[in-house]
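We count residues from 1, following the sequence as given. Both counts, for ligands and for their atoms, begin at 1 and track the order of listing.
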Amino acid sequence: MSIDVNYATTRADAATSVAFESALESARNHNSGPLAHLIDGQQIETGEVFVRVNPAHPGEVVTEAHAADSALVAAAVSAAKRAQRQWRRTSTVARAQALRSAQAEFQDRLVEIAGILSAETGKSRLEALGEAKEVVDLVDTYTTQFEESGDFRKRMNTADPNEENTDLLRPYGVFAVIGPFNFPAALNVGMATAALLMGNAIVMKPSDKAPRSGATVTEILARHLPVGVVNLIHGGAATGKALTDASVDGIAFTGSAEIGWNMVRSLGDGAFGRPVLAEMGGKNVTVVSRHADLDAAAEGVARSAYGLSGQKCSACSRVVVEADVHDEFVTKLVERVNALRVSDPEDADAFMGPVIDANAVARFEEAVAGARAAGARIEAGGDRPDREGYFVNPTVISGLPIGHDLTRRELFLPFVTVSRVDSFDDAIDEANAVDYGLAAGVFSADNTEVEEFLDRIEAGVLYVNRRSGATTGAWPGIQSFCGWKSSGSSGKGGLGPWYLQGFAREQSRTLPIA
Ligand SMILES: NC(=O)c1ccc[n+]([C@@H]2O[C@H](COP(=O)([O-])OP(=O)(O)OC[C@H]3O[C@@H](n4cnc5c(N)ncnc54)[C@H](O)[C@@H]3O)[C@@H](O)[C@H]2O)c1
Ligand SMILES: N[C@@H](CCC=O)C(=O)O
């Protein structure tokens, strides 16, 4: 079945929908005992068992898994170190072939993977199918870049006719790969593929909120690579901490800023620094000028703010609007938000599924109470649908004072604040007044304003007048996904052309000409 879905797709064809529904049902009923770790090619079934429930029906356990303790983590790192010695000497052609072979299996199992993603995270079918397709495109994009890189090896000039000089990129060794719950297939596979192509071995720790999603894609990678190059351990924060404290040579992390920056600090605090490629949170803004097409702006914001229930690092969570068009924009946004369908992902028309867990629901209720206490207007939502599960309604808030905490802190919820400012210049100041710098959008028909936005905005992923998603929808090989400020530690983004190099260090070699 050929499936062409991305995060801007608005409908799946009938055959894909039927296949997805069957995959979702089977994933929801698949629990056949705790998932094992994968270390040196062996399935290891030790450690306390934790469970993941279906967020649409929290009484149903979808997955169980064993959590790894620090001894098991150390065993996984040792296995990876042993395997990496050979893997780094494997020809670049053979490394690329191994990843191409995994890519083919990801493509063959795309709908099955989408079902597992939706069962564990509550993603709608289009979000789940989009993520499963992103997995395939990520492997393809990085492998193509790798194949075209000339082996990351360059012949240099020489100052001595008896010498030849080469500059090359060499792997660090073993990378810990630690991923978040919201894209537990694409982000884990993206980080892992880049590390592996560059000659590193990995120890993967997926989120404990999506262990089967992480395990399924990691086991596919493992099957196509030599034993021990890809290892998998399960668990939550304690297992993650044990992994970052172990003797890994680097970390690829995607998750919240607090945890990511702690890793950066802790790996920098030794006899020598080790790389932490961390992609972190956002408080992504859309600027709406008085020269904007307000229908396009409202649609772009609604799609970005509420897709995946606002649980994208790229989600638009604040809109800054020029005063002249504030009320009209809010009216148009509210119309669209009230039309969004919040439902179980098994419902073909569900736009928003549940949020991830009870903590997210509590955070939603606290945020709404905070907005009310500050005298803000709840323009849409602010409550929960009357149904079982971790569902909340898409929410629009206006009238919060400039600088209010709810306009600064990442909530990771379908919760959008709209702020009124006097000028386009003030809008950019307000847009930049957060620590984060991930994605940002602008709506304006005035080219001078657009240029001003592009020049001044402090974020790594920018979109202009984008109706299909004001701040979301980056795709491998099309938009790089680079966090500025507290949103990223390396100044380079996943999905883009400079990512692979972060997984290697440079070496210069001067040899006598024989
Ligand atoms: N910039 C990006 O590309 C990007 C993409 C997706 C998500 N995110 C961000 O991820 C966050 C949401 O995901 P989440 O709630 O799973 O994030 P999180 O930071 O809570 O967890 C991420 C991963 O870190 C592990 N972890 C938790 N504590 C740890 C510790 N002390 N040491 C080591 N590992 C630890 C978790 O088990 C999980 O696997 C949001 O902030 C979102 O913006 C960023
Ligand atoms: N690549 C996705 C975001 C991934 C993070 O959560 C987007 O651009 O919307």
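The list of side chain to side chain donor-acceptor pair (under 3.5 Å) pairs with a residue in residues 46-58, not counting sequence neighbours, reads Asn54-Glu60, His57-Asp344, His57-Glu388.
Looking at Arg223 and Glu105, a side-chain N of the basic residue comes within less than 4.0 Å of a carboxylate O on the acidic one, giving a salt bridge. The pair Asp269-Arg265 does not meet the salt-bridge criterion, since no charged nitrogen lies less than 4.0 angstrom from a carboxylate oxygen. Arg363 and Glu366 are not joined by a salt bridge, as no carboxylate oxygen comes within less than 4.0 angstrom of a charged side-chain nitrogen. Under a 4.0 Å N-O distance rule, the pair Asp435/Arg408 does not qualify as a salt bridge. A salt bridge is defined here as a Lys NZ or Arg NE, NH1 or NH2 lying under 4.0 Å from an Asp or Glu carboxylate O, and Arg125 with Asp349 fails to meet this definition.
The two residues Ile220 and Ala102 come nearest to each other via the heavy atoms CG2-O, 4.0 Å. Minimum heavy-atom separation, Ser309 to Gly353: OG-O, 2.8 Å. Taking both residues in full, the closest heavy atoms of Phe20 and Pro345 are given as CE2-O, 4.0 Å, listed atom of the first, atom of the second, then distance. For the pair Glu112 and Ala23, the tightest heavy-atom approach, listed with the atom from each and the gap, is CA-CB, 4.1 Å.
Scanning the protein for heavy atoms near atom 37 (O) of ligand 1, the closest one is Lys205 NZ, 3.0 Å. Counting protein heavy atoms only, atom 5 (C) of ligand 2 is closest to Cys313 SG, 2.4 Å. Nearest protein heavy-atom contact of atom 13 (O) of ligand 1 is Pro180 CB, 3.3 Å. Among all protein heavy atoms, the one lying closest to atom 8 (O) of ligand 2 is Ala474 N, 2.8 Å. Nearest to atom 2 (C) of ligand 2 among the protein's heavy atoms is Ser314 OG, 4.0 Å. Atom 43 (O) of ligand 1 has its closest protein heavy atom at Glu410 OE2, 2.7 Å. For atom 16 (O) of ligand 1, the nearest non-hydrogen atom of the protein is Phe181 N, 3.1 Å. Nearest protein heavy-atom neighbour of atom 12 (C) of ligand 1: Phe412 CE2, 3.4 Å. Nearest to atom 9 (C) of ligand 1 among the protein's heavy atoms is Gly255 O, 3.2 Å. Looking at atom 26 (N) of ligand 1, its nearest protein heavy atom turns out to be Ala237 CA, 4.1 Å.
Annotation for Glu258: atom CD does not count as buried by contact number, only 12 or fewer foreign heavy atoms lying within 6.0 Å. Counting non-hydrogen atoms of neighbouring residues, nucleotides and ligands closer than 6.0 angstrom, the CZ atom of Arg11 reaches no more than 12 such neighbours.
Below 4.0 Å from some heavy atom of Lys312 lie the following atoms of ligand 2, by number and element: 6 (O), 9 (O). Every atom of ligand 2 is numbered from 1 in the order shown, and the set under 4.0 Å from a heavy atom of Thr472 is 9 (O). Heavy-atom proximity to Cys313, at under 4.0 Å, picks out these atoms of ligand 1: 1 (N), 2 (C), 3 (O), 4 (C), 5 (C), 6 (C), 7 (C), 8 (N), 42 (C), 43 (O), 44 (C). Heavy-atom contacts of Thr254 reach the following atoms of ligand 1: 2 (C), 3 (O), 4 (C), 5 (C), 6 (C), 22 (C), 44 (C) (cutoff under 4.0 Å). Per-residue contacts place Phe253 under 4.0 angstrom from the following atoms of ligand 1 (heavy atoms of the residue considered): 19 (O), 22 (C), 23 (C), 24 (O). Contact atoms of ligand 1 toward Gly236: 37 (O) (distance under 4.0 Å to a heavy atom of the residue).
Of the N or O atoms in Ser256, one or more lie within a sub-3.5 Å distance of an N or O in ligand 1. Looking at ligand 1, you won't find any N or O of Phe481 less than 3.5 Å from one of its N or O atoms. Looking at Met280 next to ligand 1, an N or O pair under 3.5 Å apart turns up. Any N or O atom pair closer than 3.5 Å counts here, and Gln311 shares no such pair with ligand 2. Of the N or O atoms in Asn182, none lie within a sub-3.5 Å distance of an N or O in ligand 1. The N/O atoms of Gly473, backbone and side chain alike, include one that comes under 3.5 Å of an N/O atom in ligand 2.
Within the 4.0 Å heavy-atom criterion, neither part of Phe183 lies near ligand 1. Contacts with ligand 2 closer than 4.0 Å are made by no heavy atom of Leu495, backbone or side chain. Here Leu438 has side-chain heavy atoms under 4.0 Å from ligand 1, and that is the only part of it that gets that close. Under 4.0 Å from ligand 2, not a single heavy atom of Trp475 appears. With a 4.0 Å heavy-atom cut-off, ligand 1 is reached by the side chain of Met263 but not by its N, CA, C or O. Contact annotation for Leu187 and ligand 1: only side-chain heavy atoms (C-beta onward) come within less than 4.0 Å of the ligand.
Considering only non-hydrogen atoms, atom 25 (C) of ligand 1 lies nearest to Ile178 out of Ile259, Ile178, Val177. Of the candidates Ser207, Gly240, Gly179, Ala186, Gly179 brings a heavy atom nearest to atom 22 (C) of ligand 1.
For the residue pair Ser314 and Thr472, no side-chain donor N or O sits within less than 3.5 Å of a side-chain acceptor on the partner. Defined by atom type and a distance below 3.5 Å, a donor-acceptor pair is present between the side-chain atoms of Glu120 and Thr63. With 3.5 Å as the limit, one finds no donor-acceptor pair spanning the side chains of Gln479 and Tyr463.
Under the 6.0 Å cut-off for aromatic ring centres, Phe415 and Tyr306 do not qualify, their centroids lying 6.0 Å or more apart.
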Intermediate values then yes/no, ring-ring contact (aromatic ring centres under 6.0 Å, His included), Phe503 and Phe175: CA-CA 8 Å; Phe503 290 87; Phe175 265 82; 4.9 Å; yes
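The side chain to side chain donor-acceptor pair (under 3.5 Å) test applied to Lys332 returns Asp295, not counting sequence neighbours.
For atom 19 (O) of ligand 1, the protein comes within 4.0 Å by at least one heavy atom.
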